[in-house]
Amino acid sequence: MTDNYDVIIAGAGPAGGQAARDLAARGYDVCVLETESEDEFPSRSNKSTAGTFPSTMASFNIPDEVVMNFTDDVVLESPNDHYHRHQPGAVLEFADFKNWLVDEAEADGAEYRFDARVSKPIMEGGEIVGVRYNGDEEVYADIVIDATGPSAPLAKTLDVCDLRREKQAIGIEYEFEGMDLAPDGYGDLTDAMMLRLDHDIAPGGYSWIFHTGGDTAKVGVCYIQNEGHRHNAKSGYTIDDYLQYWTESDPRFANAERIAGKQHRGSAHIQLPGRMSTDNFMAIGDTVPTVDPLWGEGIDKCMRSGRVAAATADRALTNSERDTSASELAIYDQLWHDRVAPKVKNRLFMTEMLYRASNERYDKLLEDLHRLPDEQLDAANGGSPLAMFRMLKFEDLSILASTAKDWFSN
C-alpha cells in the first residue's frame with residue numbers, strides 16, 4: 001500500500017465512483033477514501049436512490065443487473081390531477097449500482113480504502129497536496145477530488161464552491177411492498193416513475209413513487225428549506241412526519257408495509273456554485289449539487305461531474321510537467337457548466353419558482369401539460385427562457401417578482 005497517488009478521491013458515491021472508474025481505466029494510480037466499512041457499503045445514501053433515463057444508462061454503460069425495474073412512463077401529479085407521458089427509465093438497486101462502480105474501478109487497478117473518514121486537507125505552500133483521514137492517517141497525490149457530498153470537509157477548508165448552504169434539501173425514502181399502484185381516481189403507476197407536487201405532502205419540494213416490480217415501490221419525500229417550505233410547512237413536522245402523513249392518507253398505501261432495511265435519508269444544498277476547483281483540487285457530485293426542475297436526475301448529474309473531473313485530471317497529468325495549477329484545473333469548471341449543468345442559473349431559478357407556486361397552480365400546470373407538446377416541457381426543464389415564459393400565467397408575476405428579488409439580494 002503506497003501513500004502517493006496520481007489522484008485521491010474522497011467519497012465512493014456515484015460521482016467519486018465514476019471519476020475513479022474513468023481514471024483507473026486510463027492507467028492512473030487512484031485511491032478512493034470511503035467513510036463506510038467495506039462490509040456495510042453502501043449502507044446509506046445522501047440523495048434519492050430512485051431512477052434514471054436511458055441516456056444515462058447508455059452514457060455510462062450501466063448494466064441491466066443493477067436495475068430493479070425498467071419503467072415505461074413518467075407521471076406528474078398535483079393534488080387533483082395527473083399527467084402521463086411515455087418516457088422509458090430504469091429504477092436502480094442503489095447498493096448494486098454503487099458496488100458495480102467499485103468493482104469496475106478496482107478491476108482497472110484503483111485502490112479503495114474503506115473505514116476511511118476524511119477530516120481535512122494536507123497543505124504545503126498554500127496548496128493541497130494530500131488528505132488526512134481517521135485522525136492521523138495521511139495520503140498524498142498530485143490531484144485531490146472531494147466527492148463527499150454536503151459534508152465537503154476538503155472544499156470547505158479550501159473555500160471552494162462558495163459553500164454558504166442557504167437552501168438545504170432534506171429527503172427520506174423507503175421501499176414498500178403491498179402497494180396498490182392503480183386505485184380509482186389516480187394514474188396507473190405500473191412500470192412508471194411518479195413525481196408529485198403537493199405542499200400538503202412536501203411543502204417546498206416533491207414526493208415520489210417509483211415502481212420497482214410486482215407490488216413494490218420506492219417512495220420518498222424531499223423538500224428544500226425555501227420560501228415555499230416556510231409558507232406551507234406544518235408546525236412541528238419533520239421529514240419523517242410528512243412521509244407518514246402521506247402513507248396514512250393515500251389509498252395506494254392502504255395495505256402497504258415498509259420493507260425492513262430498505263431506507264435512505266440525507267441532504268444536499270441547492271445553490272448557485274462559485275468556483276469548483278483550485279490548485280491540485282476539484283469538487284464534484286453533491287459537493288456541487290444541481291437538479292433538473294422536474295426530473296431531478298441527481299444520479300446523472302453526479303456521474304457526469306465525475307466524468308468531466310476525470311477528463312480534466314487526465315489532461316493535467318498527461319502534460320509533460322504535470323500542470324495541476326488552478327488555471328489548468330479551471331477547465332473542469334467550464335466542462336461542468338457546459339456538460340453537467342448547462343443553463344444552471346435558469347434551471348435553478350425555475351426550480352425556485354416551481355416550489356413557490358400554490359397547489360392550485362400545480363393543478364393548472366398539469367392541466368396545461370395535457371395540451372402542450374412534450375417538447376415545450378423538456379425545453380423549459382432544460383432552462384430555455386422562452387419555453388419558461390410561454391408556460392407562465394398572469395398570476396405567476398408575483399412569484400416571478402419575489403424569486404427575482406431574493407436572487408438579486410443574495
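Residue indices begin at 1 and follow the sequence shown.
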*Asks:* Would you say Asp300 and Thr52 are linked by a side-chain donor-acceptor pair, where the criterion is simply a distance under 3.5 Å?
*Replies:* no

*Asks:* Thr216 versus Met179: any side-chain heavy-atom pair under 4.5 Å?
*Replies:* no

*Asks:* Go through the steps for Tyr186 and Leu181 under the test side-chain contact (heavy atoms from CB on, under 4.5 Å), then give the verdict.
*Replies:* CA-CA 9 Å; Tyr186 290 81; Leu181 296 166; over 6 Å; no

*Asks:* Using the salt bridge (Lys or Arg N to Asp or Glu O under 4.0 Å) rule, take Arg117 and Glu137 through it: C-alpha gap first, then chi angles, then the decisive distance, then the call.
*Replies:* CA-CA 10 Å; Arg117 181 177 291 277; Glu137 297 290 324; over 6 Å; no

*Asks:* Are more than 12 heavy atoms, taken from residues, nucleotides or ligands other than Glu138, located less than 6.0 Å from that residue's CD atom?
*Replies:* yes

*Asks:* Indicate yes or no: at least one non-hydrogen side-chain atom of Val221 is less than 4.5 angstrom from one of Gln244.
*Replies:* no

*Asks:* Is any side-chain N of the basic residue among Arg21 and Glu104 closer than 4.0 Å to the acidic one's carboxylate O?
*Replies:* yes

*Asks:* Tell me yes or no: between the side chains of Asp81 and Tyr362, is some donor less than 3.5 Å from an acceptor?
*Replies:* no

*Asks:* Contact between Arg307 and Ile284 at the side-chain level, heavy atoms closer than 4.5 Å - yes or no?
*Replies:* no

*Asks:* Check the pair Gln263 / Arg258 against side-chain contact (heavy atoms from CB on, under 4.5 Å), numbers first and verdict last.
*Replies:* CA-CA 9 Å; Gln263 59 179 288; Arg258 293 177 182 173; over 6 Å; no

*Asks:* Tell me, yes or no, whether the heavy-atom count around Asp96 atom CG, taken from other residues, nucleotides or ligands under 6.0 Å, exceeds 12.
*Replies:* yes

*Asks:* How close do Gly205 and Leu197 get, counting heavy atoms only, and between which atoms?
*Replies:* O-CD2, 3.9 Å

*Asks:* If you look at every heavy atom in Tyr112 and Ala105, which pair is closest and at what distance?
*Replies:* CE1-CB, 4.0 Å

*Asks:* Okay, side chain of Thr148, backbone of Gly11: is any donor-acceptor separation there less than 3.5 Å?
*Replies:* no

*Asks:* Work out which heavy atom in Gly89 is nearest to a heavy atom in Phe53; give both atom names and the distance.
*Replies:* CA-CD2, 4.1 Å

*Asks:* Below 4.5 Å, heavy atoms only, C-beta onward: do Met353 and Leu392 meet side chain to side chain?
*Replies:* yes

*Asks:* Between Asn280 and Asp142, do the side chains contain a donor N or O and an acceptor N or O under 3.5 Å apart?
*Replies:* no

*Asks:* Could you tell me the separation between the OH atom of Tyr140 and the CD1 atom of Ile122, rounded to the nearest 0.5 Å?
*Replies:* 4.0 Å

*Asks:* Is Arg230 paired with Glu227 through a side-chain N to carboxylate O contact shorter than 4.0 Å?
*Replies:* yes

*Asks:* Is any side-chain heavy atom of Val160 closer than 4.5 Å to a side-chain heavy atom of Met282?
*Replies:* no

*Asks:* Examine distances only and state if a side-chain atom of Asp279 and a backbone atom of Ala326 form a donor-acceptor pair shorter than 3.5 Å.
*Replies:* yes

*Asks:* Can you check whether Asp64 reaches Phe70 side chain to side chain, under 4.5 Å on heavy atoms?
*Replies:* yes

*Asks:* Donor-acceptor pair, Lys218 side chain versus Thr212 backbone, under 3.5 Å?
*Replies:* no

*Asks:* Closer than 3.5 angstrom, by distance alone: can the side chain of His229 be matched with the main-chain N or O of Pro203 as a donor-acceptor pair?
*Replies:* yes

*Asks:* Any idea which heavy atoms bring Asp29 and Tyr5 closest together, and the distance?
*Replies:* O-CB, 3.5 Å

*Asks:* Checking the side chain of Asp250 only, and the main-chain atoms of Trp246 only, is there a donor and an acceptor separated by less than 3.5 Å?
*Replies:* no

*Asks:* Mark yes when over 12 heavy atoms from residues, nucleotides or ligands other than Arg322 sit less than 6.0 Å from its CZ; otherwise mark no.
*Replies:* yes

*Asks:* Between the side chain of His199 and the main-chain N/O of Ala357, is any donor-acceptor distance below 3.5 Å?
*Replies:* yes

*Asks:* Give the ring-plane orientation class for Tyr83 versus His370, where under 30° counts as parallel, over 60° as perpendicular and anything between as tilted.
*Replies:* perpendicular

*Asks:* Give a yes or no answer on whether the side chain of Asp103 reaches the backbone of Trp100 with a donor-acceptor pair at less than 3.5 Å.
*Replies:* no

*Asks:* If you define the side chain from C-beta out and look only at heavy atoms, does anything of Lys234 sit under 4.5 Å from Tyr245?
*Replies:* yes

*Asks:* Could you walk me through whether Leu377 and Arg85 satisfy the side-chain contact (heavy atoms from CB on, under 4.5 Å) test, starting with their C-alpha distance in whole Å, then the side-chain angles of each, then the deciding distance to 0.1 Å, before giving a yes or no?
*Replies:* CA-CA 11 Å; Leu377 177 62; Arg85 65 180 275 182; 3.5 Å; yes

*Asks:* Would you say the side-chain atoms of His337 pair up with the backbone N or O of Val340, donor to acceptor, closer than 3.5 Å?
*Replies:* no

*Asks:* May I ask you to decide if the ring planes of Trp208 and Tyr206 are parallel, tilted or perpendicular, using 30° and 60° as cut-offs?
*Replies:* tilted

*Asks:* To the nearest 0.5 angstrom, please state how far the CD1 atom of Ile399 sits from the CD atom of Glu352.
*Replies:* 11.5 Å

*Asks:* Output the distance between atom OG1 (Thr351) and atom CZ (Phe349), rounded to the nearest 0.5 Å.
*Replies:* 11.0 Å

*Asks:* State the CZ-CZ distance between Phe281 and Arg275, to the nearest 0.5 angstrom.
*Replies:* 9.5 Å

*Asks:* Does one side chain, of Thr190 or Asp188, offer a donor that lies under 3.5 Å from an acceptor on the other?
*Replies:* yes

*Asks:* Take Ser37 and Asp39, measure what side-chain hydrogen bond (donor to acceptor under 3.5 Å, both in side chains) needs, and give me the verdict at the end.
*Replies:* CA-CA 5 Å; Ser37 68; Asp39 291 341; 5.7 Å; no

*Asks:* Does Glu36 offer a backbone N or O that forms a donor-acceptor pair with the side chain of Glu34 under 3.5 Å?
*Replies:* yes

*Asks:* So, taking the atom named CG in Asp72 and the one named CG in Asp191, what distance separates them when rounded to the nearest 0.5 Å?
*Replies:* 5.0 Å

*Asks:* What's the shortest heavy-atom distance between Gly285 and Cys302, and which atoms?
*Replies:* CA-SG, 3.8 Å

*Asks:* Give, for atom CD of Glu175 and atom CZ of Phe210, the distance between the pair rounded to the nearest 0.5 Å.
*Replies:* 12.5 Å

*Asks:* Between Thr287 and Gly149, what is the shortest heavy-atom contact and its length?
*Replies:* OG1-N, 3.2 Å

*Asks:* Any heavy-atom pair between the side chains of Tyr174 and Asp240 that's under 4.5 Å?
*Replies:* yes

*Asks:* Can you list the steps and then say if Tyr355 with Tyr223 is a side-chain contact (heavy atoms from CB on, under 4.5 Å)?
*Replies:* CA-CA 9 Å; Tyr355 295 149; Tyr223 59 72; over 6 Å; no

*Asks:* side-chain hydrogen bond (donor to acceptor under 3.5 Å, both in side chains), that's the test. Do Asp180 and Asn255 meet it? Break it down for me.
*Replies:* CA-CA 8 Å; Asp180 183 353; Asn255 298 307; over 6 Å; no

*Asks:* Do you know which of Asp108, Val30, Asp6, Val32 makes side chain to side chain contact (heavy atoms under 4.5 Å, CB included) with Leu23?
*Replies:* Val30

*Asks:* Has the side chain of Ser207 got a donor or acceptor atom that lies under 3.5 Å from a matching backbone atom of Ile201?
*Replies:* no

*Asks:* I'd like to know if Arg252 pairs up with Glu77 as an ion pair, taking the criterion as any Lys NZ or Arg NE/NH1/NH2 lying under 4.0 Å from an Asp or Glu carboxylate oxygen.
*Replies:* yes

*Asks:* For residues Thr403 and Asp406, is any side-chain donor paired with an opposing acceptor at under 3.5 Å?
*Replies:* no

*Asks:* Indicate yes or no: does Lys156 engage Asp159 in a salt bridge with an N to O separation below 4.0 Å.
*Replies:* no

